[in-house]
Structure formats: structure tokens, C-alpha cells
Amino acid sequence: MTKFHTVVRNGTVATATEVMRCDIGIRDGRVVALAEELEAGEVEIDAAGKLVLPGGVDSHCHIEQESSGGVMTADDFYSGTVSAAFGGTTCIIPFAAQMKGQTLREVVEKYHDRAGPKAVIDYGFHLIIADPTPEVMGQELPALIEDGITSFKVYMTYDALKLDDYQMLTVLNEARRLGALVMVHAENHDVIRWLSEKLLDAGHRAPKYHAVAHARIAEGEATSRAIQLSRLMDTPMLIVHVSAEEATTAIRNAQTQGLKIYGETCPQYLFLTAKDLDRDGLDGAMFCCSPPPRDEAAQEAIWLGLKNGTFQVFSSDHAPYRFDETAKLKHGPNAHFKQIANGVPGIELRLPLLFSEGVGKGRLSLQEFVALTATNAAKLYGLFPRKGTIAVGADADIVIWDPDREVTVSYDLLHDRVGYTPYEGKQLKGWPETVLSRGRIVVRDGALNAERGSGNFLRCDKSEAAHPTGNLEPEIDPSRNWGFQIQ
Ligand code: DUC
Ligand code: ZN
Ligand code: ZN
């Protein structure tokens, strides 16, 4: 018997910290050796002239999830994970989304039932908490954290999901106690509501007004407020899908003050602008997501935030709603912007877009690319070093990347079920060629080789990132009887 099941040979291996020429020996789904020259494996993969990278970790995507408006995503756990794999992503962390009135237990069971038989790559879950009752926070959440769901998202906007500041404090207090990582959708609900009403009253119904209603000030204000609440409670927090400089600056300033505030951004904020929403008829609906894409200056601010470390994570926020009557056009041809399901697809193009425009154009180093697309997410969500790196002992989740392949994006190339891509026609250089998930070759030569249900559920550890700093606001004197535990 040979020592290795698979050897990836002659490639340039990159991690978040190193770029090195070495071979990778794989056995039982894990990396067992890294060396200049390894003996032959049963399966040999020649990666000469190629980059060998950790498979991407997409820590923000919506798969087989109903929106708060009752629209089901086009991708289920089969098509969503197949599409991810073709794009070089080998691990996803989508949401198990609670609606008001539901128990977390029933929600999580439902998502396990959806994912288990279909996923072709490994997956964890975050929760979405829309109804933080004492029962949910005090009993259900601790049990789920023990079961490996250690992060959750809360919303400051959307009628059906939003928490007020009082509820945010309750949730942050519990999260600190339990060591869960809180992800926040930060937009000021009343600003959006007020602007939307005025726009609609004036007859402004087109998709482009979505970007006006979701003003960047609404994002900046809510981000700053969320940070202050985090500071008050000494609960680390990740601000998701940041779109513009207002929120970016608030996060950066908080980090400079030593607060444990993390930031995430997504392809739509680098490669789309509000002008994309301004198309004939309802065509702009294809680009409606929240927060919305902004302008070229905002794109530059987001690039800078990726470069200078304000953002740790680059995820897709894949929210696959078809441009037809099942989803974006559910309310018919005369729908106004408030009636359009929010979200854009991006799970398959996340890595190619950032590689081409980031590494290819000299904005990011290869190591930064790996950190942003894989390693940091694995670290933040308690999956490192099993996922997000190439190291002895890590799962052999590996992408062999052709840095020279030129591709013109066309929806026909993709494997999701959304029916369109917002990036149609974009010229990219660099493409994932061969993808391994736990040592199995799941994508090669443009073909899938993975059984439905072959992806495993991942229990996430409690995140290091979620440890409090110990710096509670001085006014919160632990010796007072607050009726809650201050750690
Ligand atoms: N905004 C969200 O908050 N979630 C899904 C997609 C979107 O646009
Ligand atoms: Zn969101
Ligand atoms: Zn989202």
C-alpha cells in the first residue's frame, strides 16, 4: 500500500501566511505531509504552473432559505453546494433562519433535513435569531452552541426580523455569556422606512429607488450604534456585508480603540454600483440587495478596507432569487422597489472575482486573498485549522487554481439555479481548475464528481474571536445586582 492516497505535486502552495513550492500528501481525507518531493500516491495530481490554495470558506450565504417575505431561494443544498464547489469553495456556513414564533430546535432540525441528503461539500450553520425570547436565549441557544452552532445573525432592519436596541442588548448579553459570535445586519430601520414611504408617495417605484431608500447614512448610523451597544456589553461583533465608507470608518475606528469589532464585505460592493439598479423596467431588480451597491468611491473604500485589515472576511451573501414570478417578480410587472426580494447571487464567482481584480491587479497579495476568502472565516467561526488552510492535519480541502485562464463571465458557465449573474460579460483572469473536498476530487475538467449528501455537517467550536475584552463600560459595575452574570 502506498503511503498517500493522493499527492498534489509541483504546485505553488499558498496559505494566509506563506507561499511555497511543495507537494501535498493526502490520506484519509486529510493532509498528512508537505514536502519538497513526496513519493508517489495512488492518485497523482500534477499542479505544475498552478497555484494550490485552501478551498474557500463562504461564511455568509443563504441556501434553501425562505426570505422574511416568504420567497424560497432558487438554490437548495445540492445546487448551492455544487455551485460553490465549481467556484473553488469547499465549505459553507449558511443560515438556519428563525421566523418569529418558531423554536430554534425546530428551525435547526429543518435545516439539517434540508442539507444532510443534498450537500456535496461540508457545511456548518449560523442561526438567524428573529425572536429572542427568554426561552430561546436562555435554553435553546446554549444547547445549540453545544451542538456546534456557535454564531448567529441579528437584523436591525426588515419588519419581520428587526430587533430594537433593547433586544440587541439582551442578545449581546447572552452572547457574551455563552461565547457566541454575533453577526449584525446594520441598517437604520426607521431611516429606510421613512425614505421608502416618501419615495413611494412621490411615485418613485423603480428598483433604483431601493438604493436611495437604503441610504449609506442608514448603514453608517446603525453600524456605529451597534458598535456602541457591543462596547457597552463588551460583546465582540461582526458587521456583515459592509457597502460603504461610513460603516467602514466606524468599524476601523472601533478596531483602533481596541474593540473586538470585525467586518465582512462581499463582491457586490466591489463590482456593482447603484447605477446597475437603474435599468429599463424591472431589470434593476436583479441588482437589488441590502445594503445596496453604492458608487465608485465606495468601491475604493471597500478595497482599502480589505487591504488594511478592516475587513477580515470576504463572503458572497449569495441570496439566489430568480428574476421571475417565483421570486424577484413575485409581485408582478408593476411591483415597486419594496416588493422585490433582496439579494444577489455570487457563491461561484466570489473567488474568481476577488482573485482577478484583487491579486491580478496588484491590490491584494496571494496570502491576503487566502486569508480573506478562507482562513479568517474558518478562524472566526471555530473551524480552524480543520478548514481554511493547508497544513498537516487539516482536511484536504484544496483548490488547484489556474492563474492564467481567461474567462468571460456568462451565466451558462455557472451551476446555480438563479438564472442570471450580475457579473455577466466581466472579463476575469484566474479560475479554479480542480477542487478537492476532504481529499475527494469533486470538480475536475469542468465536471462534478460528488454524490448528493457527501458533504458533512461541521460542528463549529466557540470562536476565539468571541471572547470579551474584559473592558465593560465603567458604569456597569459588576458589584451591582444587575440580575445578570457579568463575566
Ligand atoms: N440582504 C440580506 O440581508 N440578506 C439577504 C440578501 C440581502 O440582500
Ligand atoms: Zn443581511
Ligand atoms: Zn445575507
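Sequential numbering from 1 along the given sequence is applied to the chain's residues. Counting starts at 1 for both ligands and their atoms, in listed order. Note that the structure is predicted; figures quoted are calculated from it, not measured.
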Looking at [Y], I'd like to know if the NZ or CZ of [X] sits under 6.0 Å from its six-membered ring centre while staying within 45 degrees of the ring's axis.
X    : Y    : value
K379 : F384 : yes
K153 : F95  : yes
R452 : Y78  : yes

Name of whichever N/O/S atom of H62 is nearest to the Zn ion (ligand 3):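 Output for this pair reads NE2.
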Greater than 12 external heavy atoms within 6.0 Å of L448's CG: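 Count over threshold, so yes.
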Closest approach of A175 to F152 (non-hydrogen atoms, all atoms of both residues):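 For A175 and F152, the tightest heavy-atom pair comes out as CB-CZ, 3.9 Å.
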A85 to V435 - nearest heavy-atom pair and separation: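 Of all heavy-atom pairs spanning A85 and V435, the closest is O-CG2, 3.4 Å.
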What about the rings of [X] and [Y], do their centers lie closer together than 6.0 Å?
X    : Y    : answer
Y158 : H185 : yes
F457 : H112 : yes
H126 : Y381 : yes

The Zn ion (ligand 2) neighbourhood, protein N/O/S only, threshold under 2.8 Å: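 N, O, S partners closer than 2.8 Å: K153 NZ, H185 ND1, H241 NE2.
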N/O donor-acceptor pair under 3.5 Å between Q255 side chain and Y262 backbone: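 Not at all, since once roles are kept as given, no pair shorter than 3.5 Å links the two residues.
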Heteroatom test (N, O or S) for C61 near the Zn ion (ligand 3), limit 2.8 Å: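 Short answer: no, not a single N, O or S atom is under the cut-off.
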For a distance cut-off of 3.5 Å, show me each N or O of ligand 1 paired with any protein N or O, plus the separation.
| residue | atom | partner | partner atom | Å |
| --- | --- | --- | --- | --- |
| ligand 1 | 1 (N) | Y158 | OH | 3.4 |
| ligand 1 | 1 (N) | S290 | O | 2.9 |
| ligand 1 | 3 (O) | H185 | ND1 | 2.8 |
| ligand 1 | 8 (O) | S290 | N | 2.8 |
| ligand 1 | 8 (O) | G343 | N | 3.4 |

